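Because the structure is a prediction, the values reported are computed rather than measured. Naming: A, B, ... by sequence-line order, numbering from 1 per chain.
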There are 2 protein chains.
Amino acid sequence: MDPQPAGISREELQLAARNHGMPLEALRHEITPVGLHYLLVHYDIPAVGEEWRLRVDGRVRRPLELGLDAVRALPSVTQPVTMECAGNGRAAMEPHVTSQPWILEAVGTGEWTGTPLAPLLEQAGLLDDAVEIVFEGLDRGLEGGDEQTYGRSLTIEQAVEDGAILAYELNGAPLPSQHGYPLRLVVPGWYGMTNVKWLSSITAVSEPFAGYQQAQSYRWRREEHEAGRPVTRMMPRALMAPPGIPEFLSRERTVSAGQPVAVQGRAWSGWGPIELVEFSADGGDSWRAAELGEQAGPHVWRGWSVNWQPAGAGRYELCCRATDATGASQPLHPEWNLGGYENNAVQRVPVTAR
Amino acid sequence: MDPQPAGISREELQLAARNHGMPLEALRHEITPVGLHYLLVHYDIPAVGEEWRLRVDGRVRRPLELGLDAVRALPSVTQPVTMECAGNGRAAMEPHVTSQPWILEAVGTGEWTGTPLAPLLEQAGLLDDAVEIVFEGLDRGLEGGDEQTYGRSLTIEQAVEDGAILAYELNGAPLPSQHGYPLRLVVPGWYGMTNVKWLSSITAVSEPFAGYQQAQSYRWRREEHEAGRPVTRMMPRALMAPPGIPEFLSRERTVSAGQPVAVQGRAWSGWGPIELVEFSADGGDSWRAAELGEQAGPHVWRGWSVNWQPAGAGRYELCCRATDATGASQPLHPEWNLGGYENNAVQRVPVTAR
């Protein structure tokens, strides 16, 4: 068994108390209700008023400025998208990585409604020297010693081809303030940091964006001096809703020894459809295939289930792992990196059968 | 300055990652949007189906069983109610108290719609030997070594006179599952543990209820062997939305040295209306009265504001404290107790003016 996540510092507690994961029993919902979807607010939730406008400018032929009504008047799409924080699983990293201390719960699936990004870029007319599109929000803070506005970029190809939408509704209602009201970027299949909230500007640039959240954060590297590689799409992962009932403080689970247990969960990958979910009741020594539910869309998690019959009273360690259409699967143990990103090691749920 | 809250254990991190506080910038909302209101799920969120019924029985003349439509057909009230967890402030206790590690953010104000409890009890007809009403939810777990169903009681007088409602809507929409769908108890002015979620039974009893959440938890005591006193109504507290912008990890605030800062917050007490909020920019050495907003209802927090002009560049410690109509106010330092309850010590917000 892996070492369990250690305790955390006061600074990390401040983040854990503000931001929140999805309680894993909410895996029962295909579309995660608002308030259960994971939420990470990088700095503060900004107060956005009537004066809000979206600017589309930089290396474009026809700069645009649109109010919310104008954005809502553009062609719209509605799409369920599973979204996970790149730091999900960070708290299990050894040695400890100091940041938002997610265990496993930084995920959710929203039904996002908005306008596709690509036609808007076409309308603005990218100039030939544009190489990236920079997305900036209204949230501000200090990081790396400097004042920052949260910003991220995509290459032109990613911005045009990856199905990005500018979303103004979540689950059929206007975006909640904490999820980016009035507008956020949603790039299906990508980790959460991509999906800039409180979006205020879209800027075509002729040099790769060197903002903090692009060049410093969200890079997979083992040492500070490495450039590393950018964190982009979600690695494959299966999660189960922990069966039985919890003990209040330890959250350890108890099930009845004599009865079959319906274990259910969901699995996703940003690299391709889920083709296999496996389940283990012995800590990963032996595996069997789970039954898969329907795939409701190209970028939404896929349900899975197994009937597990405990062999008798005692302790078990339940595990699950997903494999996607590229053949990529999940490691048994975390792969450490400096920022604590992309830890898709298999979930381990200790259960006592009584 | 008080010692800052220390780090927490893995068990506490599990609770902090599941449950969540209200990010304090959300004090700008008089009614807290769903997803920003604090949330503590004691065990797991239960899956509640169509078969749900509310039973009203025990020491009554006419036991009742009602489906949700029947509850919704009863007379309804809509009331904004400020609700705070009894463990809010626990993380600042020294020595450390192990449980849900709230710093200051376990609060929110919902607009609850439901049917008043008192007429329903009248309809059932309490027998003369009834002394308490027990409220049980559908959430189950292990605690204190035993299997528990979450349950709490009120005396007959509290149940009839304190304005309790059985709520089926929050902010004008059906109760979200995490807030107790389909029905929860809401007792205005009381700490959060009172407001039993996923309510399934209301039972009149002839002996005081000795359930775990009544007799073991939620008692103010310094030693295990003491009976202590029950935790009931919310102690007075003022909170401010921390001004300026945060540093990502430390959450420390920075403001401009040359400009006045509009500091805003809200204050509440379960014992009476808020009559005074005071503000200090020097860690509590000197205080001045804040401007109070309207009191929108008997059990809803009251807005307050001050204009603060930093005397120049440097470090400041902003504090606020409330006084209610009973004359009760907030201590400068936490008053330690075994369960970490009722810590309404004044909020302290370190700010750097640059």
Which portion of B/Asn19 sits near chain A, non-hydrogen atoms under 4.5 angstrom: backbone
Chain A contact via B/Glu143 - side chain, backbone, both or neither, heavy atoms under 4.5 Å: both
Side chain, backbone, both or neither of B/Leu24 within contact of chain A (heavy atoms, under 4.5 Å): backbone
Proximity breakdown for B/Ser99 and chain A, heavy-atom pairs closer than 4.5 Å: both
Shortest non-hydrogen contact between A/Leu13 and B/Ala91, atoms and distance: CD2-CB, 3.9 Å
Interchain contact, B/Leu15 with chain A, by part (heavy-atom threshold 4.5 Å): side chain
Close side-chain approach of A/Asp44 to B/Arg251, heavy-atom, < 4.5 Å: yes
Contact leader toward chain B among A/Tyr38, A/Phe248, A/Tyr43, where contacts are heavy-atom pairs under 4.5 Å: A/Phe248
Top of A/Pro246, A/Ala16, A/Pro23 for chain B proximity - count of heavy-atom pairs under 4.5 angstrom: A/Pro246
Max heavy-atom pair count under 4.5 Å with chain B, selected residue of A/His37, A/Gln100, A/Glu12, A/Glu105: A/Glu105
Short side-chain to backbone donor-acceptor contact, A/Gln14 and B/Ser250, under 3.5 Å: yes
Among the listed options B/Gly144, B/Gly141, B/Gly145, the residue most often paired with chain A at heavy-atom distances under 4.5 Å: B/Gly141
Chain A interface, residue from B/Gly244, B/Pro101, B/Pro176, B/Pro242 that has the most non-hydrogen pairs under 4.5 Å: B/Pro101
Exercise: identify the closest heavy-atom pair between A/Ile45 and B/Arg28: O-NH2, 2.7 Å
Min side-chain heavy-atom separation A/Arg18-B/Glu25 under 4.5 Å: yes
Per-residue contact mode, B/Gln148 against chain A (heavy atom under 4.5 angstrom): neither
Top contributor to chain B interface from A/Thr98, A/Leu249, A/Leu104, A/Val41 [non-hydrogen pairs under 4.5 Å]: A/Leu249
Closest non-hydrogen atom pair between A/Gly35 and B/His20, with its separation: O-NE2, 4.0 Å
Taking every non-hydrogen atom, the tightest pair across B/Val34 and A/Gln178: O-NE2, 3.3 Å
Heavy-atom contact with chain A under 4.5 Å, split by part of B/Ala47: both
